[in-house]
Structure formats: structure tokens, C-alpha cells
Amino acid sequence: MRRRSDTCEMKGDIRIRGASSTIFMSTSYSTNSSWTIKPYARKGDESAMQNITSFTIKTSQERAETMPECTKTHNVPAVVFSVGGYSGNHFHSFSDTIIPLYATTRRFNRQVRFLVANKNPRWINKFKELLDKLSKYEIIDIDQENEVHCFPSMIIGLEKDDYKELNTRSMKDFTKFLRNSYSLDRPTAIKLANESIKRSPRLLIVSRKRTRIFTNVKEVVTAAEETGFEVIVTEMNANLNKTSRLVNSCDVMMGVHGAGLTNMVFLPENGVFVQVVPLGEMGWMAKTFYGEPAKGMGLKYLEYKISGSESSLINQYPLNHSVFEDPYSIQKKGWEAYRSVYMDKQDVTLDVVKFKETLVKARQLLCL
């Protein structure tokens, strides 16, 4: 048991009847037992966990009549996991499911069957390339199964590091796996110290259309071009084949804190990731969600914290308001209150003169 996830690994005679969300296992012990588990890696978050399928695991004595008869028998291990919870959010898709699934199943070399609870066809289609690289078998929508599937071993739930988000033991191995899955051409970013390099480094500015918008993106583009970058401005696309190729073609990626920045996983190693941090004392989130993971991926990381004059909140609240002077008081009101102010109502107008210093640093890091 971990703080963020419950997992159970079993070997032997294991049978699962999906429609009843029940898993049976024979044991040599003389007593029967049962417990429940929700196979989604955000334990303790009531909002995320409330609609996750709960599986009951029952152990029975060997050859006990309580074990249902097998109707389908498999000779490879099974992994049971959910794509419910916050899976509609791109960041959480990677943090709560894709990375834990990779860490749990990579060792099976595709010889593993995925039993998916709370199946979402759009989610499955979005991550099809990654799922196919981890399992050679068709996914089973376990919530809808009346068959009794039998396996030699099974893992229920995916392990997640307690205090980390986009993280596994080797993020460099994970990003290499991503490049292989999407056939990405660039393992490493441009190195400007190499005199044979003739092109300008490419900077990707992640645009947003609804919240945390760059209101003066044209001025930012001009400043970046003056610094020596070729600039691309785009909103992140849900089509990961297209998005992965675009991001991988760039050397630097920048954007305001938000789920779209998760696509930094496709940057080539030694690339530079620049996170613009809005008002709201987001330092912990910025560091935990993107800053530390970026370093683990072999990226250079820069952080730009905006000032009050660069936030659109200055037009909505007086300067002596707690929104500016005491963000923690807003946090204490709960996530919805915090998100309403700092995530949903806040746009960014970068001080281009000041931000240009960060752009210069980014270019210098490509020389190292």
C-alpha cells in the first residue's frame, strides 16, 4: 500500500468476472478472505476516486467450489487498471495512468493483457500507440465482461510514486520509449556550440485560447526572433501523432502553467523547457508537476514567475485584495475557489523586456 495508490500482485489460479467486479484466487491457506481495491493511482482524492470501479478480491482454498469455472483461459499476465478519474485531463492521463502503466508493464515486453475499467474509447484511441507498444493483445473492457477470464498472474492497480507526478525511476527511459512509439526523429536538441549548425533553434510557444492566455503573444514572438529563435505559436492538439512530432522538432518549449505543458515529454533531450508561473503561489505545483520532471527527462529547466503587473487579475481586484496579498487564504477555501481565481480568471501579459532575459538564458543553455 502506498499513499497515492493501492496495488495487488497475485500469482497462481486467478479468475476474474468483470461484470461483478470480482477477482478470485485459490490459495493453500485454510481461511478465506476478501478485500476491495480501486485501480486508479490517486488514492485519497475523493473527487477522482468516487466513480472508479471497485474490485473485490476473494481468496478461496484450492479447488474450492466458490471459484467460478473458467470460460476463457489466458497464458499471459493481466493488469487491471482504470481510465476514469481525471483521465480527461492531459496531465493526469500521463501522471495517473500512462507513466504508472509503463513502469508496471514494460518488463513484460508486450506479453501482458490489459483489463481496463471505466473504459473511455476516446482515451484508448488517443493513447493507442503507447498501449500497443506495451501490450500486443486487444484490450478487454472488463466492466462489461460476463465471461470468467483466467490468468496465471495478475496485477490490480498501478504503482505511483508518493510525492511525484510525471515521474518514474528513469524518465529518460520513458521519453526514449515515447520517441520510439511515435517514431520521432530527434533524440537530442540542437547544440549551438557546434559550428557546423547553420539553422536557428526552434522555440515553441504553447498558446491557450480560454484561460491563462498570452495577451501580447506578437510582442513575445518579436522578442524571441530578436534573440535568435525561429518561433512557432500553437495550441496543443489532442492528436498525439501530430503533437509529438511538432514538439520533437523544437529545441525550446514555453508556456503558462497548465496541462498542455505535459507535452514537454516529446522534447528532445537537452532541450529547454520554460514554464511561466502565474500569480497564486503556484511554486509547489510548478516545481512538482513540471520543474522536477523536466530535469529527470534530461531537459534544461527555466522558470519565469510573473509579477502583479503582468497578470490580468490586476484589472479585476484592488491591489490590497487577498488575491494578491494572501493567496493562501484563497487556497484555504478549497480547490474550486482557488482554480476559479488563479486558473480560470487569469491571463498573462509578459513584460517583454524582462522576459527577454529568460529567452537569452534559454539560448545560452543550448550552447552547453
Side-chain angles (χ1 to χ4, degrees), residues 16 18 39-42 48 51-53 72 74 76-145 149 151 154-160 165-168 171 173-187 206 234-249 259-268 293 297:
I16 180 169
Y40 183 69
R42 198 151 283 269
N51 294 319
I52 302 297
T53 300
K72 288 192 174 180
H74 307 269
V76 295
V79 174
V80 181
F81 65 96
S82 170
V83 294
Y86 297 146
S87 293
N89 177 282
H90 191 54
F91 171 82
H92 286 287
S93 287
F94 274 91
S95 174
D96 302 352
T97 305
I98 292 297
I99 291 177
L101 183 65
Y102 166 84
T104 302
T105 65
R106 187 65 168 151
R107 59 189 161 109
F108 294 117
N109 196 27
R110 299 184 71 224
Q111 295 294 325
V112 60
R113 176 81 74 163
F114 292 157
L115 313 184
V116 175
N118 313 110
K119 186 181 177 185
N120 179 336
R122 288 182 63 187
W123 191 96
I124 298 295
N125 186 59
K126 179 178 179 179
F127 293 102
K128 182 179 184 300
E129 286 78 7
L130 301 184
L131 297 171
D132 286 349
K133 286 292 184 180
L134 293 173
S135 171
K136 65 183 290 186
Y137 301 97
E138 185 178 349
I139 289 171
I140 296 175
D141 183 355
I142 197 61
D143 291 332
Q144 307 301 320
E145 277 295 306
H149 291 267
F151 295 91
M154 181 178 288
I155 299 172
I156 305 104
L158 306 173
E159 284 195 4
K160 180 180 173 69
E165 293 292 344
L166 295 179
N167 190 276
T168 185
M171 283 304 294
D173 286 345
F174 176 69
T175 52
K176 184 178 179 181
F177 163 74
L178 292 180
R179 289 194 292 271
N180 177 258
S181 298
Y182 290 104
S183 302
L184 303 180
D185 295 332
R186 302 180 69 222
V206 178
T234 187
E235 194 168 18
M236 291 289 92
N237 194 307
N239 183 323
L240 292 186
N241 277 298
K242 292 181 179 179
T243 294
S244 63
R245 282 169 173 72
L246 173 64
V247 175
N248 185 253
S249 74
L261 298 188
T262 309
N263 292 303
M264 68 178 181
V265 295
F266 301 119
L267 276 173
M297 295 171 199

Exercise for the section: Go through the steps to decide whether S181 and E129 satisfy the test side-chain hydrogen bond (donor to acceptor under 3.5 Å, both in side chains), and finish with yes or no. Expected result: CA-CA 6 Å; S181 298; E129 286 78 7; over 6 Å; no

Handout entry: Side-chain (K126) to main-chain (L240) donor-acceptor, under 3.5 angstrom
Key = no

Handout entry: side chain to side chain contact (heavy atoms under 4.5 Å, CB included), paired with F114, selected from V80, I140, V79
Key = V79

Practice task
Check the pair Y40 / T97 against side chain to side chain contact (heavy atoms under 4.5 Å, CB included), numbers first and verdict last.
Solution key: CA-CA 8 Å; Y40 183 69; T97 305; 4.0 Å; yes

Practice task
Indicate yes or no for a side-chain donor-acceptor contact from T104 to the backbone of P100 under 3.5 Å, with no hydrogens or angles considered.
Solution key: yes

Exercise for the section: Please identify each residue that fulfils ring-ring contact (aromatic ring centres under 6.0 Å, His included) with H149, with sequence neighbours left out. Expected result: H74

Problem - R42 CZ to S82 OG distance, which is reported to the nearest 0.5 Å - result: 13.0 Å

Exercise for the section: Might you point out which heavy atoms bring P77 and F151 nearest each other, and give the distance in Å? Expected result: C-CD2, 4.2 Å

Problem - R110 atom CZ, neighbour heavy-atom count above 12 within 6.0 Å - result: yes

Handout entry: S135 side chain to V112 backbone, donor-acceptor under 3.5 Å
Key = yes

Exercise for the section: Let me see the working for N118 and N51 under side chain to side chain contact (heavy atoms under 4.5 Å, CB included), right down to the final yes or no. Expected result: CA-CA 8 Å; N118 313 110; N51 294 319; 5.7 Å; no

Handout entry: Donor-acceptor contact present, side-chain N125 to main-chain R122, <3.5 Å
Key = no

Handout entry: Backbone of N248 reached by a side-chain donor or acceptor of R186 within 3.5 Å
Key = yes

Problem - 4.5 Å side-chain heavy-atom contact, P268 and R179 - result: no

Practice task
Answer whether the closest heavy-atom distance between the side chains of Y182 and L130 falls below 4.5 Å.
Solution key: yes

Practice task
Taking all heavy atoms of D143 and all of K119, pick out the closest pair and write down the distance.
Solution key: OD2-N, 4.4 Å

Exercise for the section: Identify the two heavy atoms, one from S244 and one from N241, that lie closest to each other, and give their separation to 0.1 Å. Expected result: OG-O, 3.1 Å

Practice task
Would you please indicate yes or no on a ring centroid separation below 6.0 angstrom for F94 and F127?
Solution key: yes

Problem - Heavy-atom pair with the smallest gap, counting every atom of V83 and N120 - result: CG2-N, 3.7 Å

Handout entry: K176 atom NZ, neighbour heavy-atom count above 12 within 6.0 Å
Key = no

Handout entry: Minimum side-chain heavy-atom gap F108-V76 below 4.5 Å
Key = no

Practice task
Would you give the length of the straight line joining atom OG1 of T262 to atom CG of N89, rounded to the nearest 0.5 angstrom?
Solution key: 7.0 Å

Practice task
Decide yes or no for M297 and M264: does some side-chain heavy atom of the first lie under 4.5 Å from some side-chain heavy atom of the second?
Solution key: yes

Practice task
Enter the distance from L131:CG to I139:CD1 here, rounded to the nearest 0.5 Å.
Solution key: 4.5 Å

Practice task
Kindly say whether S87 contributes a backbone atom to a donor-acceptor pair with the side chain of S93 at under 3.5 angstrom?
Solution key: yes

Fill in the blank from the handout: When rounded to the nearest 0.5 Å, the distance separating CG of N237 from OG1 of T243 is 4.5 Å

Exercise for the section: Test side chain to side chain contact (heavy atoms under 4.5 Å, CB included) on Q111 and Y137 and set out the steps. Expected result: CA-CA 8 Å; Q111 295 294 325; Y137 301 97; 2.9 Å; yes

Problem - Gap between atom CD1 of I156 and atom CZ of F81 - 0.5 Å precision - result: 13.5 Å

Problem - V206 side chain reached by E235 side chain, heavy atoms, under 4.5 Å - result: no

Practice task
Quick one: closest heavy-atom pair of A41 and L158, and the distance?
Solution key: CB-O, 3.7 Å

Handout entry: CG-CE distance between L166 and M171, expressed to the nearest 0.5 angstrom
Key = 6.0 Å

Exercise for the section: Would you please test R106 and L134 for side chain to side chain contact (heavy atoms under 4.5 Å, CB included) and show each step? Expected result: CA-CA 6 Å; R106 187 65 168 151; L134 293 173; 4.2 Å; yes

